[in-house]
Peer 1: 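This is the structure I have questions about; it appears just below.
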There are 2 protein chains.
Amino acid sequence: MRKDNRLSGVLHVLLHMAEHPGPMTSEMLARAMGTNPVVIRRLMAGLRERGFVQSEKGHGGGWTIACDLRAVTLLDVYEALGRPGLLATGNRTEAPGCLVEQAVNAALGDAFDEAEALLLRRFGALTLAALSADFHERLARRGGSTDLEKNHAA
Amino acid sequence: MRKDNRLSGVLHVLLHMAEHPGPMTSEMLARAMGTNPVVIRRLMAGLRERGFVQSEKGHGGGWTIACDLRAVTLLDVYEALGRPGLLATGNRTEAPGCLVEQAVNAALGDAFDEAEALLLRRFGALTLAALSADFHERLARRGGSTDLEKNHAA
DNA sequence: TTCTCATGGAACTTGATATGTTACGTGTGT
DNA sequence: ACACACGTAACATATCAAGTTCCATGAGAA
């Protein structure tokens with residue numbers, strides 16, 4: 001099935017912004033992600049509404065982080081995206097009249113609910129600051145160049 | 001995102017077959033599921049290859065269960081369907097050069113892997129016989145009518 | 001003011017994929 | 001022969017993330 005990679009994408013954007021002094025334009029971010037500026041703006045819309053980021057128009061404008069990275073979890077980001085479905089599979093019907101299907105739904109539904117709860121728990125336990133710290137650890141281990149852009153160059 | 005309901009569907013079919021004496025045609029099963037006979041045949045193709053069910057052509061033909069329900073788990077059924085992806089979300093890229101994305105992928109990937117493993121564990125722990133037993137429990141609790149067909153009537 | 005930059009948002013296109021449908025071939029029993 | 005039922009291919013549909021184009025709006029610079 002087709003995958004939804006918005007959460008992964010928006011986190012990538014946020015960490016890049018965290019490393020960048022001053023605002024980053026949608027165009028810069030799009031280049032870093034190998035995509036289109038409009039896609040970036042769509043991704044960020046929900047985050048802006050929640051006040052996690054801020055946007056300025058005109059010269060010197062762009063996106064800025066507007067929150068404490070230690071206070072925002074991946075769960076917050078996930079919710080800002082509109083809580084997209086996490087599981088690619090589910091029950092055929094809700095509240096079916098067929099007892100056979102009820103039995104199937106009950107068994108599968110339990111498993112699905114647990115898996116979803118697990119993911120949300122994990123998201124809630126991870127802050128953006130933790131992700132950033134992991135990045136800096138990798139950076140130190142690798143050599144220390146902070147020139148992120150070149151890692152995205154084609 | 002669009003959901004894949006094949007596992008739910010194929011289990012529904014199997015339990016109906018288990019309750020039905022003699023073969024069931026794709027047409028009967030399709031009516032019970034509110035779908036098309038060809039869809040049923042597609043669903044069953046993998047199960048037939050694995051020997052979980054058997055099909056006969058011509059008069060009096062149709063589908064028959066060809067395995068011990070106590071020996072087949074939902075995991076077996078899931079694999080017979082070709083192991084469709086369970087999660088609706090994932091990482092934007094595999095093995096990215098960008099350290100930021102590596103950090104994101106590592107964090108999310110761990111959570112995704114755990115959720116998937118949890119689902120597979122649950123599938124492996126549930127046999128078709130267990131599902132069938134659950135159905136019979138519901139049936140006894142509700143009244144005892146075994147006329148399943150009418151529960152599907154429009 | 002006028003020009004350029006950058007976001008905001010609508011509308012359209014694309015690609016992937018589960019599901020639905022039609023059509024035809026093959027084999028089986030009456 | 002004939003009707004039944006599976007097997008398969010081919011095509012249609014629906015959904016949705018992702019990509020793209022276009023224009024409006026607002027902010028700073030010349």
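Scope of the values below: all heavy atoms of this structure, side chains included, with no hydrogens, waters or symmetry mates. All values derive from a computational prediction rather than experimental measurement. In what follows, every chain begins at residue 1, and chains take the letters A, B, ... in the order their sequences are listed.
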Peer 1: What is the distance, rounded to the nearest whole Å, between atom CZ of A:R48 and atom P of C:dA6?
Peer 2: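 So the two atoms are 17 Å apart, to the nearest Å.
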Peer 1: Spell out, as yes or no, whether a donor-acceptor pair under 3.5 Å connects the side chain of A:R92 to the backbone of B:M33.
Peer 2: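 Yes, because the side chain of A:R92 sits within donor-acceptor range (under 3.5 Å) of the backbone of B:M33.
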Peer 1: Do B:T73 and B:D76 have side-chain atoms, one donor and one acceptor, less than 3.5 Å apart?
Peer 2: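 Result is yes, a qualifying pair exists.
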Peer 1: What is the distance from CG of B:L7 to P of C:dT19, rounded to the nearest Å?
Peer 2: 11 Å
Peer 1: Examine distances only and state if a side-chain atom of A:R48 and a backbone atom of A:W63 form a donor-acceptor pair shorter than 3.5 Å.
Peer 2: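 No.
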Peer 1: Which residues in residues 109-120 of chain B have a heavy atom closer than 4.0 Å to any atom of DNA chain D?
Peer 2: none
Peer 1: Taking B:N105 for the side chain and B:T93 for the main chain, is one N or O donor matched with an acceptor at less than 3.5 Å?
Peer 2: yes
Peer 1: Would you mind reading off the distance between A:I40 atom CD1 and C:dT7 atom P, rounded to a whole angstrom?
Peer 2: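 These atoms are roughly 10 Å apart.
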Peer 1: Is the backbone of A:P96 close enough, under 3.5 Å, to the side chain of A:Q102 for a donor and an acceptor to pair up by distance?
Peer 2: yes
Peer 1: Are more than 12 heavy atoms from other residues, nucleotides or ligands located less than 6.0 Å from atom CZ of A:R70?
Peer 2: no
Peer 1: Looking at A:H20 versus A:H16, is the centre-to-centre ring distance below 6.0 Å?
Peer 2: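 Distance test on ring centres: not under 6.0 Å, no.
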Peer 1: How does each nucleotide of nucleotides 20-30 of chain C score, in 5' to 3' order, for protein heavy atoms under 4.0 Å: base (B), sugar-phosphate only (S), or none (-)?
Peer 2: BBB---BBBB-
Peer 1: Is there a donor-acceptor pair under 3.5 Å between the side chain of A:T25 and the backbone N or O of A:G62?
Peer 2: no
Peer 1: Using a 4.0 Å cut-off to any heavy atom of chain B, which nucleotides of DNA chain D are the first and last in contact, reading 5' to 3'?
Peer 2: D:dA3 to D:dA17
Peer 1: In whole angstroms, how far is the P atom of C:dA16 from the CG atom of B:D4?
Peer 2: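 Result: 18 Å.
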Peer 1: How long is the line joining CE of A:M44 and P of C:dT7, in whole Å?
Peer 2: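 It is 10 Å, rounded to the nearest whole Å.
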Peer 1: With a 4.0 Å cutoff (strictly under), does any side-chain N or O of A:T25 reach OP1 or OP2 of C:dA6?
Peer 2: no
Peer 1: Identify the two heavy atoms, one from A:G9 and one from A:L43, that lie closest to each other, and give their separation to 0.1 Å.
Peer 2: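 Scanning both residues completely, I find the closest heavy atoms to be C-CD1, 4.3 Å.
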Peer 1: So B:F123 and B:Y78, would you call those rings parallel, tilted or perpendicular, with 30° and 60° as cut-offs?
Peer 2: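 Correct class here is tilted.
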Peer 1: Heavy-atom nearest nucleotide on DNA chain C for A:G62 versus A:M1: which residue maps closer to 5'?
Peer 2: A:G62
Peer 1: Roughly, in whole Å, what's the span from CE in A:M24 to P in C:dA6?
Peer 2: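 Distance, rounded to whole Å: 12 Å.
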Peer 1: Any idea which heavy atoms bring A:S8 and B:N91 closest together, and the distance?
Peer 2: OG-CA, 3.7 Å
